[in-house]
Q: 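Take this structure, written in C-alpha cells, and hold onto it; I'll ask about it next.
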Amino acid sequence: MRAIVTGAASGIGRATAGKLLEDARRRDGSTCALLLADIDGASLGTVVDEIRALGGEAHAFVGDLADPAVPQKAVEAARDALGGLDALISNAGIISRASLLDLALDDYEKTFAVNTRATWLLAKAAYPMLAQSRGSIVATASIAGHEPTPALGAYSMSKAALLMLVRQIACDWGPVGIRCNSVSPGSTET
C-alpha cells in the first residue's frame with residue numbers, strides 16, 4: 001500500500017497513518033509506504049519517526065495546501081518517494097470560527113482552499129497513478145457538512161462542498177476503477 005495522508009501531523013491524520021500500517025500488517029504481514037503531509041514540519045517529523053520505528057516506510061512533505069501549487073508538489077513527491085500511489089487520504093482541514101456576518105473574506109477563501117480545493121487538486125494530480133493502481137481516495141468531511149453549525153459558516157459550507165466533490169469524483173472516475181469515499185466525523189479528541 002502506497003498512500004498520501006494529508007493533515008498527518010496530528011489528530012485524525014496521525015491516527016490514520018498508524019492505522020494504515022497496522023492494517024497492512026494484519027492483512028498480510030506487509031508494511032505500507034506513506035507520504036505524510038502537513039504544514040507543521042516539527043510535529044510531522046515526529047509522526048514520520050514513529051511510523052519508521054514501527055517498521056513502516058514514511059516520508060515527510062511540508063507544505064500549505066492553501067497554496068494551489070502545493071497539492072501537485074505533494075503528489076510528485078509521493079511519486080518520487082513511493083514509486084506510485086494506491087490511495088490518497090485527503091484529511092487536512094482548517095476551521096475559521098465566525099458567524100457568516102463576522103467572517104472575513106480571507107478566512108472564507110482559505111477555508112475553502114484547504115478544505116475543498118486541495119482535495120480536488122490532489123485528486124487531479126494523483127489521477128494517473130490511481131487509475132493505474134485502481135486506487136482509492138478518502139476525504140475527511142465532517143458532520144458539519146451535513147448540518148449547519150453555529151459560528152462555523154465557512155467550515156460547514158466547505159465540508160458540504162467537499163461531500164459533493166467526493167460524489168462527483170466517484171461518478172466521473174469510478175468507471176476507470178478509482179473509488180472515492182468520504183467520512184464525516186463529529187468532534188474528535190485529538
Q: Would a distance-only check, ignoring hydrogens and angles, find a side-chain to backbone donor-acceptor pair under 3.5 Å from Ser142 to Ser184?
A: no
Q: Any Lys/Arg nitrogen of Lys19 or Asp23 sitting under 4.0 Å from an Asp/Glu carboxylate oxygen of the other?
A: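 Yes, this pair counts.
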Q: Linking I/L/V/M/F/W/Y whenever their side-chain heavy atoms sit closer than 4.5 Å, directly or via other members, would Ile169 and Val138 fall into one cluster?
A: no
Q: Just verifying a value: how many Å separate Ser90 OG and Ile4 CD1, rounded to the nearest 0.5 Å?
A: 9.5 Å
Q: Side chain of Thr116, backbone of Ser158: donor and acceptor closer than 3.5 Å?
A: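 Yes, Thr116 side chain to Ser158 backbone: donor-acceptor pair under 3.5 Å.
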Q: Any donor-acceptor pair under 3.5 Å linking the side chain of Lys159 with the backbone of Thr140?
A: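 Indeed, once roles are kept as given, a pair shorter than 3.5 Å links the two residues.
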Q: To the nearest 0.5 angstrom, please state how far the CZ atom of Arg2 sits from the CG atom of Leu20.
A: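 The distance works out to 14.0 Å.
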Q: Could you tell me whether the side chain of Asp64 and the main chain of Ile39 form a donor-acceptor pair under 3.5 Å?
A: no
Q: Look at the side chain of Arg79 and the backbone N and O of Leu85, then say whether any donor-acceptor pair between them is shorter than 3.5 Å.
A: no
Q: Got a donor-acceptor contact below 3.5 angstrom from the Ser182 side chain to the Leu163 backbone?
A: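 No: the side chain of Ser182 does not pair with the backbone of Leu163.
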Q: Tell me whether Tyr155 shares a hydrophobic cluster with Leu103, the cluster being built from Ile, Leu, Val, Met, Phe, Trp, Tyr side chains joined at under 4.5 Å.
A: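 No.
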Q: Answer yes if Leu35 and Leu130 sit in the same cluster of Ile, Leu, Val, Met, Phe, Trp and Tyr residues linked by side chain heavy atoms under 4.5 Å apart, and no otherwise.
A: yes
Q: Under a 4.0 Å threshold between the charged nitrogen and the carboxylate oxygen, would Asp107 count as salt-bridged to Lys110?
A: no
Q: In terms of heavy-atom contacts, does CD of Glu76 have more than 12 from other residues, nucleotides or ligands at under 6.0 Å?
A: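 Enclosed.
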Q: Nearest 0.5 Å, please: how far is SG in Cys32 from CZ in Arg27?
A: 8.5 Å
Q: Look at the side chain of Arg179 and the backbone N and O of Arg134, then say whether any donor-acceptor pair between them is shorter than 3.5 Å.
A: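 The answer is yes, because a donor-acceptor pair under 3.5 Å joins these two groups.
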Q: Is there a donor-acceptor pair closer than 3.5 Å between any side-chain N or O of Arg52 and the backbone N or O of Ala58?
A: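 Answer holds: yes.
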Q: In this structure, would Ile137 and Val176 fall into the same cluster of hydrophobic residues linked by side-chain contacts under 4.5 Å?
A: yes
Q: Is there a chain of hydrophobic side chains (I, L, V, M, F, W, Y, each step under 4.5 Å between heavy atoms) that links Leu88 to Leu165?
A: yes
Q: Tell me yes or no: between the side chains of Ser10 and Ser43, is some donor less than 3.5 Å from an acceptor?
A: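 Ser43 and Ser10 do not have a side-chain donor-acceptor pair below 3.5 Å.
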Q: Checking Asn115 side chain against Ile94 main chain: does a donor-acceptor pair fall under 3.5 Å?
A: yes
